Amino acid sequence: MKRILSFLLAATACEAKSIVTEDLVHKVGIIESNLKPDAVGDDGESLGAFQIGRRAWADAVAYSKLVAGPHDYTLPEDWKGHAKDFEMSQRAAELILKMHEERMIKNKVKPTEFKLYMAYNMGWVGAAQHNFDINKTWGFRKAVLQRAKLILSK
């Protein structure tokens, strides 16, 4: 009986509920562009309501293919052609956040909405180099993260 209980507890732990919700993705869009689908940032390197760059889009496409079931729709590869499409970029943002969440769990970093946003905004390497700590950032980056923290807390 103890073995069965242990197995069930382990299985439940493996299927922990994701903190990437529609609300979180919506808040990321507010932080990034106030949900403006035609937004252009970083001198044209980030596009759409969720301000996704070419490399982040490619990561989302790869992750989409990795997690898609046999009949699921995968994200199109054409970043420039789809990043300003609200629904497409919203899906890409969700995939990016889930990818970061999965990576955090694998690296024994407890995911929080703020840590996920930090990885979304700075990339995994940048956020990890700062230990997902806003106090280890400075200047404009810190100001963006402080605004994000405020929006995410609502």
Side-chain angles (χ1 to χ4, degrees), residues 5-33 35 37 39 41-42 45-137 141-142 144-154:
L5 183 57
S6 295
F7 173 77
L8 291 174
L9 288 172
T12 304
C14 289
E15 293 185 33
K17 189 170 177 159
S18 173
I19 65 168
V20 178
T21 63
E22 189 175 318
D23 184 57
L24 173 59
V25 176
H26 182 80
K27 287 176 182 178
V28 167
I30 291 170
I31 295 162
E32 291 293 319
S33 75
L35 297 171
D42 301 323
E45 296 298 317
S46 298
L47 301 176
F50 298 88
Q51 290 295 283
I52 301 172
R54 183 182 312 274
R55 285 167 52 229
W57 188 275
D59 286 345
V61 168
Y63 188 70
S64 169
K65 290 176 182 177
L66 183 70
V67 298
H71 303 291
D72 290 341
Y73 177 79
T74 59
L75 202 61
E77 294 186 21
D78 179 21
W79 164 72
K80 204 152 199 147
H82 290 92
K84 288 187 177 183
D85 177 287
F86 187 86
E87 286 79 22
M88 290 287 183
S89 62
Q90 183 178 32
R91 175 70 177 135
E94 177 186 13
L95 287 163
I96 293 165
L97 290 164
K98 285 184 177 184
M99 180 182 64
H100 287 312
E101 180 182 42
E102 188 175 309
R103 196 168 189 182
M104 284 180 188
I105 292 166
K106 284 181 181 175
N107 286 282
K108 296 183 179 18
V109 174
K110 182 177 175 15
T112 65
E113 288 186 350
F114 180 74
K115 288 177 186 175
L116 286 173
Y117 177 74
M118 196 170 179
Y120 183 93
N121 180 268
M122 300 175 70
W124 174 264
V125 172
Q129 285 175 339
H130 290 87
N131 293 322
F132 301 94
D133 183 352
I134 192 172
N135 296 315
K136 294 184 179 180
T137 63
R141 174 79 66 195
K142 188 169 189 170
V144 168
L145 292 172
Q146 286 172 325
R147 177 176 178 268
K149 199 167 208 173
L150 178 67
I151 291 169
L152 291 169
S153 71
K154 293 180 182 180

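Computed over heavy atoms, backbone and side chain alike; hydrogens, waters and symmetry mates excluded. Computed from a prediction, not measured in an experiment: that's the story for all the values here.
Judged as a side chain to side chain donor-acceptor pair (under 3.5 Å), and not counting sequence neighbours, Lys84 has no contacts. Partners of Lys142 under the side chain to side chain contact (heavy atoms under 4.5 Å, CB included) rule, at least two apart in sequence or in another chain, are Ile134, Asn135, Thr137, Gln146. Taking Tyr117 as the reference, Glu32, Asn121 meet the side chain to side chain donor-acceptor pair (under 3.5 Å) condition, with sequence neighbours excluded. Residues that satisfy the side chain to side chain donor-acceptor pair (under 3.5 Å) test with Gln129, not counting sequence neighbours, are absent from this structure. With sequence neighbours left out, Asp23 forms a side chain to side chain contact (heavy atoms under 4.5 Å, CB included) with Thr21, Lys27. Residues meeting the salt bridge (charged side-chain N to carboxylate O under 4.0 Å, His left out) test with Glu113, sequence neighbours left out: none. The side chain to side chain donor-acceptor pair (under 3.5 Å) test applied to Asp72 returns no partner, not counting sequence neighbours. Under the side chain to side chain contact (heavy atoms under 4.5 Å, CB included) criterion, Ala62 pairs with no residue, sequence neighbours left out. Remark: Lys136 pairs with no residue by the salt bridge (charged side-chain N to carboxylate O under 4.0 Å, His left out) rule, at least two apart or across chains. Judged as a side chain to side chain contact (heavy atoms under 4.5 Å, CB included), and not counting sequence neighbours, the contacts of Arg147 are Ile31, Asn34, Ile151.
The two residues Ser33 and Ala39 make their nearest non-hydrogen contact at CB-CB, 3.7 Å. For the residue pair Phe50 and Phe86, the shortest heavy atom distance occurs at CE1-CE1, 3.9 Å. The shortest heavy-atom contact between Ser46 and Asp42 is OG-OD2, 2.6 Å.
A distance of 9.5 Å separates OG of Ser89 from CD1 of Ile96, quoted to the nearest 0.5 Å. Between atom CD1 of residue Ile19 and atom NZ of residue Lys115 there is a gap of 9.5 Å, rounded to the nearest 0.5 Å. A distance of 10.5 Å separates CG of Leu116 from CE of Met99, quoted to the nearest 0.5 Å.
For the side chain to side chain donor-acceptor pair (under 3.5 Å) condition, the pairs that include at least one residue of residues 50-67, sequence neighbours left out, are Tyr63-Glu102, Lys65-Glu77. Within the structure, salt bridge (Lys or Arg N to Asp or Glu O under 4.0 Å) pairs that include any residue of residues 85-95 comprise Arg91-Glu94, Glu94-Lys98 (at least two apart or interchain).
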Practice prompt. Report the C-alpha separation of Tyr120 and Ile52 in whole Å, then their side-chain angles, then the decisive distance to 0.1 Å, and conclude whether the side-chain contact (heavy atoms from CB on, under 4.5 Å) test is met.
Written response: CA-CA 9 Å; Tyr120 183 93; Ile52 301 172; 3.4 Å; yes
Item to complete: Any chance you could lay out the side-chain contact (heavy atoms from CB on, under 4.5 Å) test for Val61 and Trp79, step after step, and finish with the verdict?
Response: CA-CA 9 Å; Val61 168; Trp79 164 72; over 6 Å; no
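Residues Arg103 and Val109 form no side-chain contact, since every pair of their non-hydrogen atoms from C-beta on lies 4.5 Å or further apart. At a threshold of 4.5 Å between non-hydrogen side-chain atoms, the residues Leu145 and Met122 count as touching.
Ring geometry for His100 versus Trp124: interplanar angle under 30°, hence parallel rather than tilted (30 to 60°).
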